[in-house]
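Everything on this sheet refers to the single structure shown next.
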Amino acid sequence: MTEPTTPASGMRDFLPRESMRRRRVFETIRDVYESYGFEPLETPSMERLSTLLGKYGEEEKLIFKVMKRGAKLSRALQQDDVDDEDLADLALRFDLTVPLARVVAEYPDEFPRFFKRYQIGPVWRADRPQKGRFREFYQCDVDVVGSESMTVEAEVTSALAEALDELGFANIRIHANHRQLLDAFMAVADVPDSKRKDALIAIDKVEKIGVEGVREEFDRRDLSESAWETLSPLLKWGDPEARPDVDDEALLDRLADQVGDQPDGEAALEDLRQLAELTEGMPAGDALFLDPSLARGLSYYTGPIFEIRSDDFQGSLGGGGRYDDLIGMFTNREIPACGFSLGVERILVLMEERNMFEEAPRPADVLVTLWDDDLASESAELARDLRASGLRVDLYPESDDGFGKQFGYADERNIPFVAILAPDELEEGVVGLKNMESGDQTDIERSRIVERLQQAVESL
RNA sequence: GUGGAUGUAGCUCAGCUGGUUAGAGCGCAGGUUUGUGGUACCUGAGGUCGUGGGUUCAAAUCCCAUCAUCCACCCCA
């Protein structure tokens with residue numbers, strides 16, 4: 001049997017062209033994050049299994065566990081009822097948030113009072129792959145540790161909105177909700193604790209399956225009629241189409257009518273109100289969309305939660321929220337935090353599908369032709385002079401090839417200008433300068449060619 | 001993790017119920033054009049039909065397994 005050479009399921013090779021595109025996207029995002037004062041952090045790809053367990057809820061079954069080694073493994077295998085957790089002691093990181101929480105707990109004196117960090121790197125999930133969904137994929141996270149203020153939410157969402165804008169995504173919405181608001185609604189609707197999760201999952205599906213679909217989910221999940229009565233209005237308010245006449249303030253008032261007497265609900269609404277005010281005039285302002293039907297799965301969120309959506313595509317491009325209790329799971333100090341994770345893989349799939357990448361990169365500004373071996377030194381000298389002025393210059397390597405091939409080569413490589421040096425030009429002391437896009441060609445005096453080309457390249 | 005579809009040249013695909021040297025378009029290379037590319041015409045190179053096994057006189061075509069991709073569920077980035 002020949003060995004398969006495809007990457008393992010859900011893993012990918014990135015060839016140079018794609019690798020460069022990815023890098024450009026990461027750099028764009030990084031530049032925006034740094035402009036907000038976020039600092040870089042790197043953490044290992046593997047964590048102790050115990051570090052990750054108990055942080056993600058249901059999702060935990062998707063953690064890639066790493067087997068114990070040597071004597072430890074032998075001992076584990078000899079136990080009576082071995083299961084996968086006995087055999088594993090490490091795991092590939094599942095996201096970048098839990099590692100951040102661990103790092104903050106580990107180095108309490110290393111960070112400023114408010115620690116703003118970004119991290120871009122791969123994470124691993126043992127999911128069944130699909131389009132835009134992989135087992136190894138990159139996340140771009142920004143988080144602020146140490147403050148409970150809603151300005152943190154405003155800044156984190158703004159950094160995201162700005163990064164997406166920079167990448168060319170228009171019409172995105174940052175759906176925002178609040179964990180405690182959902183809890184308050186559950187309380188008002190008398191949904192028992194054991195059923196709350198079912199209710200949230202059903203509500204969160206509305207974008208995909210519609211209001212009627214959610215209704216059916218409620219039945220299937222054995223949720224009461226009165227729960228439906230109380231919770232179904234959330235669906236309507238979460239639909240940007242169906243609520244043109246209800247602005248954020250009016251929505252918050254209506255929500256307050258329903259959960260105003262729940263202390264947690266009241267506090268949640270106050271958070272959202274502040275957030276809406278703070279983001280006005282910030283990049284997140286136009287994009288922020290209060291959506292009381294937004295749920296989100298990861299169990300560590302405690303406050304506002306976010307998800308990026310758009311009418312232009314299904315699913316989300318990223319999500320985030322406040323997780324004030326997570327760091328406390330690693331240390332006896334309670335440290336508030338809030339962050340956002342951008343799903344670059346989906347962004348890259350969309351950008352590819354929509355031809356959102358800038359036109360093909362230009363590997364050089366100008367190609368210098370090579371007439372024959374006798375003129376090689378003249379061409380090389382021209383190339384040297386042009387390079388000395390800061391231009392990126394390619395010198396055609398084969399003197400056997402006619403100008404037809406040389407032009408074809410410039411065309412293929414997307415080089416905008418060709419500097420032509422042949423006996424006629426040499427005799428007249430000029431260089432032929434051809435604009436590949438227009439096809440125009442003019443003779444320029446050899447002494448002025450550097451200057452003229454610089455101008456031409458600049459005015460592209 | 002559950003259910004389903006697909007896998008043929010670099011790319012997109014065609015190959016009916018198994019039958020001699022496996023096709024097209026695009027792309028690629030060479031030529032028409034020994035000082036001029038992107039157009040046109042001509043010519044050509046590329047495939048052990050995902051991989052392994054089985055059935056058969058005969059398999060790209062049927063069966064099994066395996067790997068990968070896609071879709072739905074689950075859930076999420």
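Reminder, nothing fancy here: chain letters follow the sequence lines and each chain counts from 1. As the structure is a computational prediction, the values presented were derived from the model and not from experiment.
- No engagement by A:Y138 is indicated, since no non-hydrogen atom pair under 4.0 Å with the nucleic acid exists.
- As judged by a 4.0 angstrom heavy-atom cut-off over every strand, A:E58 is placed among residues making no nucleic acid contact.
- Atom CG in A:D424 sits roughly 15 Å away from atom C1' in B:U34 (whole-Å rounding).
- The aromatic rings of A:F407 and A:F403 sit perpendicular, their planes meeting at an angle over 60°, well past the 30° parallel limit.
- Contact annotation for A:L62: no contact, since no heavy-atom pair falls under 4.0 Å across all strands.
- Ring geometry, A:Y396 versus A:Y409: the interplanar angle exceeds 60°, so the pair is classed perpendicular (tilted spans 30 to 60°).
- Aromatic pair A:F64/A:W124: centroids not less than 6.0 angstrom apart.
- Donor-acceptor pairing under 3.5 Å, judged by distance alone, is present between the side chain of A:R128 and the base of B:G3.
- Distance CD1 (A:I29) to C1' (B:A77): 12 Å, rounded to an integer number of Å.
- Within 4.0 Å of A:G402, counting heavy atoms only, lies no atom of the nucleic acid at all.
- Atom-to-atom, CD of A:Q130 to C1' of B:U2 comes out at 13 Å; the value is rounded to the nearest Å.
- As a whole-Å value, the separation of A:Y409 OH from B:A29 P is 13 Å.
- Among B:U69, B:G37, B:C73, the nucleotide with an atom closest to any side-chain atom of A:K205 is B:C73.
- For A:Q441 and B:U36, a side-chain-to-base donor-acceptor distance below 3.5 Å is present, hydrogens and geometry of angles not being considered.
- Judged by distance alone with a 3.5 Å cut-off, no donor-acceptor contact links the side chain of A:E437 to the base of B:G37.
- For A:S316 and A:I209, each mapped to the nucleotide of RNA chain B holding its nearest heavy atom, the one lying further toward the 5' end belongs to A:I209.
- Applying the 3.5 Å distance criterion, the base of B:G37 shares a donor-acceptor pair with the side chain of A:D411.
- Backbone-only contact: A:A8 has heavy atoms under 4.0 Å from sugar-phosphate atoms and none from a base.
- No hydrogens or angles were tested; on distance alone, a donor-acceptor pair under 3.5 Å links the side chain of A:R133 to the base of B:C74.
- Rounded to whole Å, the distance from CG on A:D401 to C1' on B:A29 is 13 Å.
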